[in-house]
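Each chain gets a letter, A, B and so on, in the order the sequences are listed, and its residues count up from 1.
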There are 2 protein chains.
Amino acid sequence: MKQAAKVMTLADIARLAGVSESTASRALRDNPVINAQTRQKVQQIAADHQFKVNATARSLRTQKSHTIAVIILFDAKTQQAISDPFLLDILGVIADELTAKGYDMLLSTSKTTDKDWRSYYFDSKRADGLIVIGQGEHDARVDQLAAAGVPFVVWGATTGTEPYPVIGSDNRQGAQQAVAHLVKQGCQRIAFLGDIRHTEIEMRYLGYQDALQAANIKAEPALQLNTDFTAQAGYLQTQQALFSQLSSLDGIFAASDAIAMGAMKALLEHGIKVPQQVAIVGFDDIAMSAYCTPSLTTVKQDTHAGGQLLVAQLLSRINGGKAASQLLPVKLVDRQSSLRNST
Amino acid sequence: MKQAAKVMTLADIARLAGVSESTASRALRDNPVINAQTRQKVQQIAADHQFKVNATARSLRTQKSHTIAVIILFDAKTQQAISDPFLLDILGVIADELTAKGYDMLLSTSKTTDKDWRSYYFDSKRADGLIVIGQGEHDARVDQLAAAGVPFVVWGATTGTEPYPVIGSDNRQGAQQAVAHLVKQGCQRIAFLGDIRHTEIEMRYLGYQDALQAANIKAEPALQLNTDFTAQAGYLQTQQALFSQLSSLDGIFAASDAIAMGAMKALLEHGIKVPQQVAIVGFDDIAMSAYCTPSLTTVKQDTHAGGQLLVAQLLSRINGGKAASQLLPVKLVDRQSSLRNST
DNA sequence: AAGCACACTGCAATCGATTGCAATAGATCA
DNA sequence: TGATCTATTGCAATCGATTGCAGTGTGCTT
């Protein structure tokens, strides 16, 4: 068998079928002006020879790459590789969704030090549009994208004033629910672990304040501790800040499940009972949250809807339509880490 | 400001600089035959106008995409989206590594039902090479790749006979260490949770048997339970199989940390003490393993070295060299879930 | 002064597919 | 029979950058 002869080109197929390249091209794309028989014959020959259209040539000619660049932003400080389980979740959904729509996905983990990805991905025609995940601390590059008219959507927090579409969870609502739940469990002094310099986390902090205010509890600024998204950060922050400075703490609201698990670990290690002495609620509902001990009460983000919406909005924008920002509802999931009067 | 005028092409830059396209092209690529002054001038003009080479046109002409497709294989059954934290880890490393080497990364999550990605990614010139993660249950498509002469590397388990390069952890060694450790802690009846139809897991099972044999313990086939990679699977399997059928179980070796955590949850819920009554060891050392309670003893895979090696081998292969299979050493990390005589 | 090497630069072909427009042939109509 | 359609097909330009090869001009050699 003459395995892997030589890569076939459209010209080869056309020659074999005894037609011109134009006809071959049209036949392969199911263009109806081509005679049905001719079309079939060409397609048959193409299939027999495993012919695949050269994506590069097509892109050049059609000026469409059929590729979306997904950019995961990082913190200037931590510079950690993708590792938040939540990111992976949404990434998976986006990947599936893009595939279903016939798009390829170019993945980039952008250290903040990188040069600008607008020109890299868009101007150079590598991608037809961008999905940016995690605004983080407000990134000027996102504004530039908008100004340059690049089709893109952002996963993150919306203030309602951004000149670009943002899809994200209703962080404030979710946090408010979470903290109200803690209050209902009898918590009076609740710490907030999360870096409010991230817009999303800032929203969660506002929700935290909303809930406290509604319960007539004064928010103590000292109870808000900037903490990175990792379990390690939650652990260390709890050890260092919470133990040394604060007593009578009876609740913790963490800005991510990872932070919450780290904090829980620190508490348990020191013999503090969860939830009896300190109740904990996280945010995200990653897969592991149901399986730690005690299992973690958390605010579930709808990653499935999020991913779908990101893709749908972006493609609509690319195809000449409009893309709108949208806030996704979240849902509190009660588990053991916060339930004091459970059965 | 006449923002975003029109996308510049090489021809535009050449005209502005008063040189031919050839000269402009050479100048931008720092070709030394071009006079230094000319080169500078062209580069200056290009920079002023934010000119970016059209990647598509370049690819077409040079026949190189400078893109690597990373394919994540899934189980025929579970069909779950990327979610194993371990995958995310290694994916992050690969992304960074490829970026550093000037390659783009096309990510694909391949459901087993998908058509073949050889033609899609390689024949169509979308990528110069492939990285396949997770052979899973031996996939015939991987063999086809090899037969077709496509440059690619696989992350997984090597039997030493594959006709393609495989990079992976020394699963057998790692498992052997883990189980030997359990035996040393006094365990006599140790369950194995993991799906041995996956080659990597099969290797871990062999290591498990090695350790038992070395300790003169007979391996009971009934103690091996096929379990998917998730915490949920570990939880359910433990509830359903281990509780109902087996008594006097005193150790569990799980094929992944997620499984281990699920199993641990099930045990703790039933009032079984870990590690006193049942000691547990996992595999991977994902970030969360250190922060669950009790923290999880596990076998650490060197994702960093793995990702680097995958990329290095693949690029070497693409550039005409050879790529070789390699087994990476692993390391047992002692934590609370298995230490019975700890301080 | 003629010959020649050297340093640049530009012409034109090329990568592979797509598409506007023209061309052909057979069919239909008056 | 001649004119007008209609259904198909092909010609040739085009997308934007790269590169082999030929061309030009300057300076140096003898």
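Aromatic ring pairs are classed by plane angle as parallel below 30°, tilted from 30° to 60° and perpendicular above 60°; the pair B/F229 and B/H198 is perpendicular.
A 4.0 Å heavy-atom criterion places the boundary nucleotides of DNA chain D facing chain A at D/dT8 to D/dG16, written 5' to 3'.
Using a distance-only test at 3.5 Å, with no hydrogens or angles considered, no donor-acceptor pair links the side chain of B/S325 to the main chain of B/I167. In this structure, B/T99 contributes its side chain and B/A95 its backbone to a donor-acceptor pair below 3.5 Å. With A/S316 contributing its side chain and A/K322 its backbone, the two residues share a donor-acceptor pair below 3.5 Å. A donor-acceptor contact shorter than 3.5 Å links the side chain of A/S59 to the backbone of A/K64.
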What nitrogen or oxygen pairs link the protein and nucleotides 8-11 of chain C at under 3.5 Å?
unit_1	atom_1	unit_2	atom_2	d
C/dT9	OP1	B/T38	OG1	2.9
C/dT9	OP2	B/N35	N	3.1
C/dT9	OP2	B/T38	OG1	3.3
C/dG10	OP2	B/S20	N	2.9
C/dG10	OP2	B/S20	OG	3.2
C/dG10	OP2	B/T23	OG1	2.7
C/dG10	O6	B/R26	NH1	3.2
C/dG10	O6	B/R26	NH2	3.2
C/dC11	N4	B/S22	OG	2.8

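By the side-chain contact (heavy atoms from CB on, under 4.5 Å) test, A/A305 pairs with A/D302, A/L328, sequence neighbours left out. Residues satisfying the ring-ring contact (aromatic ring centres under 6.0 Å, His included) criterion with A/Y121, sequence neighbours excluded, are absent altogether.
Using a 4.5 Å heavy-atom cutoff, the side chains of A/V53 and A/L10 are not in contact. B/Y103 is listed as a side-chain neighbour of B/I318, based on a closest heavy-atom distance under 4.5 Å.
Nearest-nucleotide positions on DNA chain D place A/R61 closer to the 5' end than the other of A/R61 and B/L10.
Legend: salt bridge (Lys or Arg N to Asp or Glu O under 4.0 Å) pairs involving residues 30-58 of chain B, not counting sequence neighbours: none detected.
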Dot-bracket for DNA chain C, please, read 5' to 3', with Watson-Crick or G-U wobble pairs under 3.5 Å on both distances, ( ) within the strand, [ ] crossing, | other strand, . unpaired.
||||||||||||||||||||||||||||||
